[in-house]
Amino acid sequence: MTFINVAAEPGNECQKSQGWLGKLDVGRSLMAKFILFSAPVILLCNAFFLYLYADFRREAMQDELAVEMAALAVRTSQSLKAPLRSGDAELGRSLLGGLAGHPDVICGEVFDAGGQKLFAWPGLGCGQIQERGTAFERPIKDRRQNIGSLTIEYRQSLLEEKLFADLLYIVAALAFSGMIAVVFTSIVHWFTIGRPLGRLLSALNKTAQAGARGSVKWRSRDQLGIVIKAYNRMSETEARRKAQLRAANDELKVEIAERLQAEKSLKETQAQLIQASKMEALGTLAGGIAHEINTPIQYIGDNLRFLSEGFGDLRDLIGSYETVIAKVEQTDSVAAVLAELEKQKEISDADYLFEEAAVAAQQSLDGVGQVSQIVTAMKEFSHPRAKETGPVALNAIIERATAICRGEWRQAATLELDLEESLSDIQGLESELNQVILNLVVNASHAIADTGRTDGRIDVISRATDNGIRLEVRDNGNGIPDEVQARIFDPFFTTKEVGKGSGQGLAICHDIIFNKHGGKIYSETESGAGTRFIVELPGGAGTGDGNHATTRAA
Ligand SMILES: Nc1ncnc2c1ncn2[C@@H]1O[C@H](COP(=O)(O)OP(=O)(O)O)[C@@H](O)[C@H]1O
Ligand SMILES: [Mg+2]
């Protein structure tokens with residue numbers, strides 16, 4: 001016989017117990033609980049039953065004894081009639097001695113009609129014996145005439161002994177039947193509750209520990225059968241749900257992997273787009289850049305030609321000097337020689353030559369410097385930069401970007417840089433910030449060029465703010481029409497003709513400033529008066545002492 005226990009430890013909630021004692025652990029065993037709580041009630045009930053039974057039985061036995069004594073008295077008094085009538089005391093005493101045959105009788109006495117004791121048993125009668133009992137008196141009549149009386153005294157102590165023996169027997173019978181009941185109940189408990197509960201618990205245990213699907217084989221229509229059936233159904237549903245969950249999980253994993261891959265390729269595409277748009281911008285700017293390079297190259301060429309011719313003249317002059325020195329050594333007429341020398345100096349225009357050579361050389365150096373600045377800026381601009389952020393000097397970037405697109409704005413406007421000197425570096429992507437400024441300045445140039453005005457002006461301003469840097473590109477173009485304003489940052493939105501605009505400039509600016517630098521970019525515009533594009537970048541605020549270096553460019 002096995003009882004199912006429920007252990008308290010977590011993760012091991014259900015365990016089969018071993019041994020009777022263990023099984024009868026009240027905290028763990030249903031059967032032990034049942035026995036412990038029902039046994040006192042059963043015992044009390046039995047005790048009450050025994051008490052009632054003893055009471056009832058005692059009364060019944062007393063009545064029986066009384067009846068028996070009455071019958072004995074009737075019989076004895078019948079037999080005593082003859083000795084009473086004859087006055088044969090000897091016979092009377094021997095007849096009375098017949099009472100000794102009854103173990104409950106203590107003594108008997110016979111009186112005559114006048115109440116005089118005639119004879120007694122044993123010996124002199126009841127007064128001789130210490131033990132007292134219940135007295136029973138019976139008149140002795142002969143032809144309806146009272147001729148005497150018989151008194152019998154009998155004891156009830158033997159009754160108690162009999163009653164006690166009866167009760168002992170009943171207690172033994174109850175104990176035996178109780179044991180049979182416990183054994184039988186245990187067997188029934190095992191077959192109807194213990195065994196199915198054990199299976200259910202071990203299935204639950206398996207499910208809890210290994211997450212396995214537990215199915216319990218048990219067919220009965222009682223409550224436990226219903227519980228097991230419900231558990232089987234639940235377990236099946238759970239298993240189905242788990243399988244669905246696993247499938248969904250796998251799908252999710254695949255989806256996440258795909259999404260990560262898509263995100264990666266999106267990032268790559270974005271980087272490629274930015275690079276492509278930079279190259280496109282360079283392509284658009286190429287004409288202007290070529291012009292910007294061509295102009296200094298032209299005057300550098302002119303100057304070099306001039307210097308080359310000038311040096312030819314100088315060579316002639318020096319040749320003349322050498323001739324003159326040789327002549328001075330041979331002739332006496334120094335004056336004539338000096339005159340010739342002076343003439344030669346005038347021919348070669350040496351003073352002019354010296355004056356202009358210095359200017360030409362300086363100009364050429366400036367031109368070379370300008371070309372080199374443009375070429376460096378182009379190189380910086382077109383070079384795909386590291387994706388990591390690093391310290392960026394915004395003012396330097398502004399100068400470089402405005403130099404690259406000089407060809408764009410120079411035709412339409414003057415450009416003024418109003419840069420705060422004490423600006424600290426910010427953490428950012430240099431090449432991408434470069435592109436933002438370039439896009440804004442090119443847009444400003446286009447906006448001014450569209451007006452056809454001759455007093456076009458672009459201001460690029462940098463300022464330190466409380467929590468970062470503020471950059472502003474201001475133009476006095478025609479402004480942005482209301483219906484266009486909401487769309488300017490949309491990818492591929494442009495109001496320009498094909499070849500001049502691709503509609504990507506501001507979309508890229510927004511991506512770079514908002515997504516990659518956590519900043520803001522917005523515009524303020526007034527129809528006919530111009531537009532301000534404001535960029536706010538976090539970090540890198542300068543001392544803000546109001547020292548502004550202004551570079552003017554024509
Ligand atoms: N400074 C400006 N003044 C007026 N309109 C502007 C200015 N900057 C941008 N826009 C408007 O925003 C549109 C989108 O600009 P952008 O994204 O740079 O593309 P794109 O310059 O190739 O057209 C432009 O076509 C133009 O209509
Ligand atoms: Mg643009």
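Numbering of ligands and ligand atoms starts at 1, following listing order.
- Closest approach of Leu419 and Val460 over heavy atoms only: CD2-O, 4.0 Å.
- Numbered from 1 in the order shown, with element, the atoms of ligand 1 that lie under 4.0 Å from a heavy atom of Ser502 read 22 (O).
- When the options Gln363, Glu356, Gln298 are evaluated for a side chain to side chain donor-acceptor pair (under 3.5 Å) with Asn303, the one that passes is Gln363.
- Shortest contact from atom 14 (C) of ligand 1 to any protein heavy atom: Phe493 O, 3.4 Å.
- Counting protein heavy atoms only, atom 6 (C) of ligand 1 is closest to Ile480 CG1, 3.9 Å.
- Between Glu263 atom CD and Ile256 atom CD1 the span is 11.0 Å, to the nearest 0.5 Å.
- For the pair Glu430 and Arg400, the minimum side-chain heavy-atom distance is below 4.5 Å.
- Remark: Arg487 engages no residue in a salt bridge (Lys or Arg N to Asp or Glu O under 4.0 Å) (not counting sequence neighbours).
- Relative to atom 15 (O) of ligand 1, the option among Thr525, Thr494, Leu506 with the closest non-hydrogen atom is Leu506.
- In terms of polar-atom proximity, defined here as any N/O pair under 3.5 Å, Ala447 makes no such contact with ligand 1.
- The part of Phe533 lying near ligand 1 is the side chain, judged by heavy-atom distances below 4.0 Å.
- With sequence neighbours excluded, the residues forming a salt bridge (Lys or Arg N to Asp or Glu O under 4.0 Å) with Asp302 are Arg305, listed by chain and number.
- For atom 21 (O) of ligand 1, the nearest non-hydrogen atom of the protein is Lys496 NZ, 2.7 Å.
- Legend: protein N/O/S atoms lying under 2.8 Å from the Mg ion (ligand 2), waters omitted, number 1.
- Not counting sequence neighbours, the partners of Glu255 by the salt bridge (Lys or Arg N to Asp or Glu O under 4.0 Å) test are Arg259.
- Counting heavy atoms from C-beta on, the side chains of Leu537 and Leu433 come closer than 4.5 Å.
- For the residue pair Asn232 / Lys217, no side-chain donor-acceptor distance below 3.5 Å is found, with atom types taken as modelled.
- The closest protein non-hydrogen atom to atom 25 (O) of ligand 1 is Thr495 N, 2.8 Å.
- Closest heavy-atom contact between Leu423 and Ser462: CD2-OG, 3.7 Å.
- Here the protein heavy atom with the shortest distance to atom 1 (N) of ligand 1 is Asp475 OD2, 2.9 Å.
- Separating the CG atom in Leu438 from the CD atom in Glu408 is a distance of 8.5 Å, to the nearest 0.5 Å.
- Distance from atom 19 (O) of ligand 1 to its nearest protein heavy atom, with residue and atom name: Gly503 CA, 3.2 Å.
- Here's the thing with Asn443: one of its N/O atoms is less than 3.5 angstrom from an N/O atom of ligand 1.
- Nearest protein neighbour of atom 11 (C) of ligand 1, counting heavy atoms only, is Ile488 CG2, 3.8 Å.
- Close approach to Gly501 involves these atoms of ligand 1, each under 4.0 Å from a residue heavy atom: 22 (O).
- Judged by the shortest distance from any of its heavy atoms, Ser523 lies outside the 4.0 Å radius around the atoms of ligand 1.
- When Asn478, Thr525, Asn476 are each tested for a side chain to side chain donor-acceptor pair (under 3.5 Å) with Thr531, only one passes: Thr525.
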Test side chain to side chain contact (heavy atoms under 4.5 Å, CB included) on Thr495 and Val484 and set out the steps.
CA-CA 8 Å; Thr495 55; Val484 168; 4.2 Å; yes
